[in-house]
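In what follows, a single structure is set out as structure tokens and then discussed.
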Amino acid sequence: MITRFAPSPTGPLHLGHAYSAMLAHDMAMAAGGRFLLRIEDIDQSRARPKWEQQIYDDLEWLGLSWEVPVMRQSDRLSVYSDVLEDLWQRGYLFACDCKRRDIFDAVSAPHAGPVMGPDGLVYPGTCYAQAFDPVLFNHGHNRLPHDPDRAYRLRMSMAAETVCEPCMKTSSDRGVMFTEAMMGPNGEKGDVVFGDHTLIHGIGDVVLARRDMGTSYHLSVVVDDAAQGVTDVVRGQDLFEATAIHVVLQRLLGLPTPRYHHHKLIHDEAGRRLAKRDDARAIALYRSEGASPDDIRRMVGLPAPS
């Protein structure tokens, strides 16, 4: 078993991060496996060296150990660029000039209806019909422009047509499937199927390369999990729906699909999910107030390591 913890250095780690990291670490150690750390710093406008160092300090204080060197996504932009070029050449990407306001206005029109997906409002397809000449693409005459003022989106309907298979032998419904080894937000467990209708209309043409970034969370996490040989992805239930996107990309890129363990989320007293703005629940603050790693474990409901 190979698990990983992949935080972004954009703020202090809180109790929710501690729970996810310790759970992934405990699972790997119990199985005699490996625990990896990855720094997801593709958003260089928000990433800060001090927060990256804080990640190492907090995890070490919690008693976790990981293999070195640590993978940092900012060192892998050329890898993501190559993957995007491949998808572009095969016709699965299209350029998008829409701003958030454009998308909001389009889906708020009387004839439309806003649909929320794992990335927010499902894209209405405004730029989808841009010209695509498969002959030019197949002969490499139309390379990905890498325009920093544009986003690049996945043609989900085309991707679904390629990767979706019958969900069951007795069913004509098509979709993609992954193994949920823990529990989805609605009690999903075991073989979980996302049908092609959900992929196209409930998730849509997600961004694979954001403006001024050259990649996106969805693309990078899929490529990096495969590169690190991750067999079991441990993460919060808030990312459950995004797993469908990742399985689609794994199928398109010929990458293995790991087992997924979507765990409970840690909430505050009002029932709100913790975010990085919740400095009052930052691990560093508990440390400064004299808490021990075992105290943190009790707070999040994890047993002491054996």
Side-chain angles (χ1 to χ4, degrees), residues 1-11 13 16-17 20-21 23-25 27-28 34-44 46-47 52 55 66-67 70-87 92-93 117-120 151-154 156 159 163 176 178-182 184 192 194 199 203-210 213-263 265 276:
M1 174 183 288
I2 303 175
T3 66
R4 49 76 167 171
F5 179 56
S8 299
T10 56
L13 298 186
H17 296 114
S20 192
L23 181 60
H25 184 270
M27 288 173 54
R34 300 162 57 201
F35 173 72
L36 308 177
L37 177 62
R38 182 167 72 232
I39 301 298
E40 298 198 337
D41 60 346
I42 54 174
D43 189 352
Q44 288 290 293
R46 298 174 60 219
E52 182 174 338
I55 289 170
W66 54 90
E67 297 182 9
V70 171
M71 178 180 282
R72 299 173 73 251
Q73 289 187 331
S74 58
D75 296 331
R76 292 174 51 77
L77 296 181
S78 63
V79 176
Y80 310 139
S81 178
D82 289 345
V83 174
L84 288 165
E85 184 68 46
D86 172 66
L87 292 173
Y92 290 111
L93 293 186
D119 266 359
Y152 292 90
R153 293 179 177 272
L154 175 68
M156 184 61 83
V163 305
V176 292
F178 66 91
T179 299
E180 175 56 63
M182 197 164 281
V192 176
F194 277 86
L199 294 174
I203 295 176
D205 305 322
V206 294
V207 171
L208 295 188
R210 292 170 56 185
M213 193 174 295
T215 184
S216 68
Y217 165 73
H218 297 305
L219 183 81
S220 299
V221 74
V222 165
V223 172
D224 292 345
D225 280 343
Q228 292 189 292
V230 173
T231 64
D232 293 76
V233 172
V234 180
R235 62 189 184 189
Q237 290 178 341
D238 55 321
L239 289 169
F240 179 82
E241 289 188 338
T243 304
I245 303 170
H246 302 165
V247 177
V248 168
L249 290 174
Q250 288 155 3
R251 299 286 192 272
L252 286 179
L253 299 172
L255 302 176
T257 297
R259 289 180 294 272
Y260 287 91
H261 306 249
H262 290 95
H263 59 68
L265 302 178
K276 286 191 174 178

Which residues satisfy the salt bridge (charged side-chain N to carboxylate O under 4.0 Å, His left out) test with [X], sequence neighbours excluded?
X	answer
E180	none
R76	D224
D86	R90
R72	D41, E52, D75

Applying side-chain hydrogen bond (donor to acceptor under 3.5 Å, both in side chains), can you list everything that pairs with [X], at least two apart in sequence or on another chain?
X	answer
D225	R4, R38
R153	none
S81	H146
Y152	none

Check ring-ring contact (aromatic ring centres under 6.0 Å, His included) between [X] and all other residues, then give those that pass, not counting sequence neighbours.
X	result
H218	H246
Y80	none
H25	F35

Are there more than 12 heavy atoms of other residues, nucleotides or ligands under 6.0 Å from atom CZ of R251?
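Yes - once you tally the heavy atoms of other residues, nucleotides and ligands closer than 6.0 Å, there are more than 12.
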With T231, which residues qualify under side-chain contact (heavy atoms from CB on, under 4.5 Å), at least two apart?
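Partners of T231 by the side-chain contact (heavy atoms from CB on, under 4.5 Å) criterion, ordered by chain and then number, come out as M1, I2, R259.
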